[in-house]
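To start, the structure under review is shown below, and the notes come after it.
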Amino acid sequence: MQIVLIDPLMTYRAHCVSETLGLMYIAAVLRDAGHGVRIVATGLRPDAALQPNDIADADLVGVTATSAIFGNATQVLATIRAWRPELPVILGGAHATVSTESALRAGFDFALIGEAEKTIIEFVSNLDRGQAQETRGIAFLDDTGAVHKTPEQSLIEDLDTLPFPARDLYDYERFRELGGWEFGMLSSRGCPFRCTFCQPTLNMIFGRMRKRGPENVAHEMALLAETYAPPILYFKDDTLSANGLQWFARFRTELKERGVRQPWKCNTRVDKVGPRILDAMAEAGCEEVVFGVESGSQRILDFYQKDIQVEDTVRAFDLCKERGIRAGANVILGAP
């Protein structure tokens, strides 16, 4: 089957957008299953538009969207319907999971809910047999127009079994022309904490936290560094240091054995760093940590159920400064 995966971002801005890792993972598992796959990232094009040739030979189109760009996704859907009204179009990504009904009411044939690597393989196989609705982990409108969700798809217990993202299907040359310099990676999925601005939505998408092995991550980093030589890698994990000191000690060793000297940055919490883990991270190439500071007000932190103290933030920044690690702050404005 020929499958086209679309990132409907219309305006690319290098300072706030990275590559579409989710689609790259989906593309990788589909390709391993023997399907033809293309990734179309409209935001990398001069006209930011879908072209008729993009879907001319497609048997299925998959679109990804957060809620912020769901409007873009519906524009892409309208364009596809005008060109090939019979072509099945599915929506994946965060919006399909957290606002499933709106996705289906907008006209998508199916919504893929949550982690989708297993689901997409099962869906494509069932679609080919005319039994797409039997797939686990999807939603669709039934004959009465009501939203029907099938039983949940099981989580991928061992993330090391996943192929590396299909980066060769992404236009990194154009990405760099537009100023992109942070190449994304993931070492884990999910987050064990309870911040109200994030949960329970994050668990709806990723389920409980699961980690890749440090050997597997080091292998991917080595290949990425050799192939693309990125200025910096950005671990998109919600809380990278939650992997633990032992994980980072092994990661550091694996990188050293492979001769990898790739600089990287990450996200984490201010209460999940200490001298030993920051030392191990720095020795593994960490140059910057972006902390979920959220607020300098303890009242607001408590409102968010952040489970940190203002003093934790001060300490985390001091520890980074002592080690020459840049420290950045994510801050949320507009809390009650």
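Fair warning: this is a prediction, and the values are worked out from it, not measured in the lab.
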With a 3.5 Å distance limit and no angle check, can you tell me whether [X] reaches the backbone of [Y] through a side-chain donor-acceptor pair?
X: R261; Y: G285; value: no
X: S241; Y: K272; value: yes
X: T74; Y: G71; value: yes
X: R136; Y: E122; value: no
X: R212; Y: D158; value: no
X: N216; Y: G213; value: no
X: D47; Y: A49; value: yes
X: R84; Y: A58; value: yes
X: N267; Y: D238; value: no

Stepwise, does the side-chain contact (heavy atoms from CB on, under 4.5 Å) test hold for V331 with L333? CA-CA 6 Å; V331 177; L333 301 181; 4.1 Å; yes

Using the rule given for side-chain contact (heavy atoms from CB on, under 4.5 Å), can you reason through Q298 versus L301, listing the C-alpha separation, both sets of side-chain angles and the distance that settles it, and then say yes or no? CA-CA 5 Å; Q298 192 61 52; L301 292 174; 4.1 Å; yes

What residues form a salt bridge (Lys or Arg N to Asp or Glu O under 4.0 Å) with E117, not counting sequence neighbours? R189

Which residues pass the salt bridge (Lys or Arg N to Asp or Glu O under 4.0 Å) test with R210, sequence neighbours left out? E115

Looking at [Y] and [X], is there a salt bridge between them, counting it only when a charged N and a carboxylate O are closer than 4.0 Å?
X: R167; Y: E220; result: yes
X: K149; Y: D142; result: no
X: E182; Y: K265; result: yes
X: D54; Y: R45; result: yes
X: E254; Y: K256; result: no
X: R258; Y: E215; result: no

Any side-chain donor near an acceptor of the partner, H95 and S102, under 3.5 Å: yes

Between T42 and D7, do the side chains contain a donor N or O and an acceptor N or O under 3.5 Å apart? no

Taken in chain and number order and not counting sequence neighbours, the residues that satisfy ring pair (Phe, Tyr, Trp, His ring centres under 6.0 Å) with Y172 are Y170, F175, F183, Y228

Under the salt bridge (charged side-chain N to carboxylate O under 4.0 Å, His left out) criterion, do E86 and R81 qualify, and how do the steps go? CA-CA 7 Å; E86 82 293 346; R81 293 290 189 235; over 6 Å; no

Do you know which two heavy atoms are closest between [X] and [Y], and how far apart they sit?
X: A73; Y: V63; value: CB-CG1, 3.9 Å
X: I300; Y: S295; value: CB-OG, 3.5 Å
X: A28; Y: P163; value: CB-CG, 3.6 Å
X: G274; Y: L319; value: CA-CD1, 4.1 Å
X: N243; Y: S187; value: ND2-OG, 2.9 Å
X: T239; Y: C191; value: OG1-SG, 3.4 Å

Is any side-chain heavy atom of [X] closer than 4.5 Å to a side-chain heavy atom of [Y]?
X: F140; Y: T150; value: yes
X: H148; Y: L141; value: no
X: V293; Y: N330; value: no
X: F70; Y: T66; value: no

Consider only side-chain heavy atoms of I, L, V, M, F, W and Y, link residues closer than 4.5 Å, and tell whether [X] and [Y] are in one cluster.
X: V98; Y: L104; value: no
X: V270; Y: F193; value: no
X: M209; Y: L155; value: no

[X]: what forms a side chain to side chain donor-acceptor pair (under 3.5 Å) with it, not counting sequence neighbours?
X: E177; answer: R174
X: E311; answer: none
X: S125; answer: none
X: D57; answer: R38

Please say whether more than 12 non-hydrogen atoms of neighbouring residues, nucleotides or ligands are located less than 6.0 Å from [atom1] in [X].
X: Q131; atom1: CD; answer: yes
X: Q305; atom1: CD; answer: yes
X: R276; atom1: CZ; answer: no

Supply the atom-to-atom distance [X] [atom1] to [Y] [atom2], rounded to the nearest 0.5 angstrom.
X: I138; Y: I90; atom1: CD1; atom2: CD1; answer: 9.0 Å
X: S188; Y: L159; atom1: OG; atom2: CG; answer: 8.0 Å
X: L77; Y: D109; atom1: CG; atom2: CG; answer: 8.0 Å
X: I55; Y: Q51; atom1: CD1; atom2: CD; answer: 10.5 Å

Quick one: side-chain contact (heavy atoms from CB on, under 4.5 Å) partners of S154, sequence neighbours excluded? K118

Residues at least two apart in sequence or cross-chain that pass side-chain contact (heavy atoms from CB on, under 4.5 Å) with R299, listed by chain then number, are S297

Keeping to residues at least two apart or across chains, list the ring pair (Phe, Tyr, Trp, His ring centres under 6.0 Å) pairs with something in [range].
range: residues 258-284; value: F235-W264
range: residues 315-336; value: F291-F317
range: residues 34-58; value: none

With side-chain contact (heavy atoms from CB on, under 4.5 Å) as the test, would you mind laying out the steps for V76 and I80 before giving the verdict? CA-CA 6 Å; V76 167; I80 294 171; 3.9 Å; yes

One pair to check against salt bridge (charged side-chain N to carboxylate O under 4.0 Å, His left out): R176 and D171. What are the steps and the verdict? CA-CA 9 Å; R176 282 181 145 149; D171 190 355; over 6 Å; no

Dump the intermediate steps for side-chain contact (heavy atoms from CB on, under 4.5 Å) on C266 and E288, then the final yes or no. CA-CA 7 Å; C266 67; E288 181 178 351; over 6 Å; no

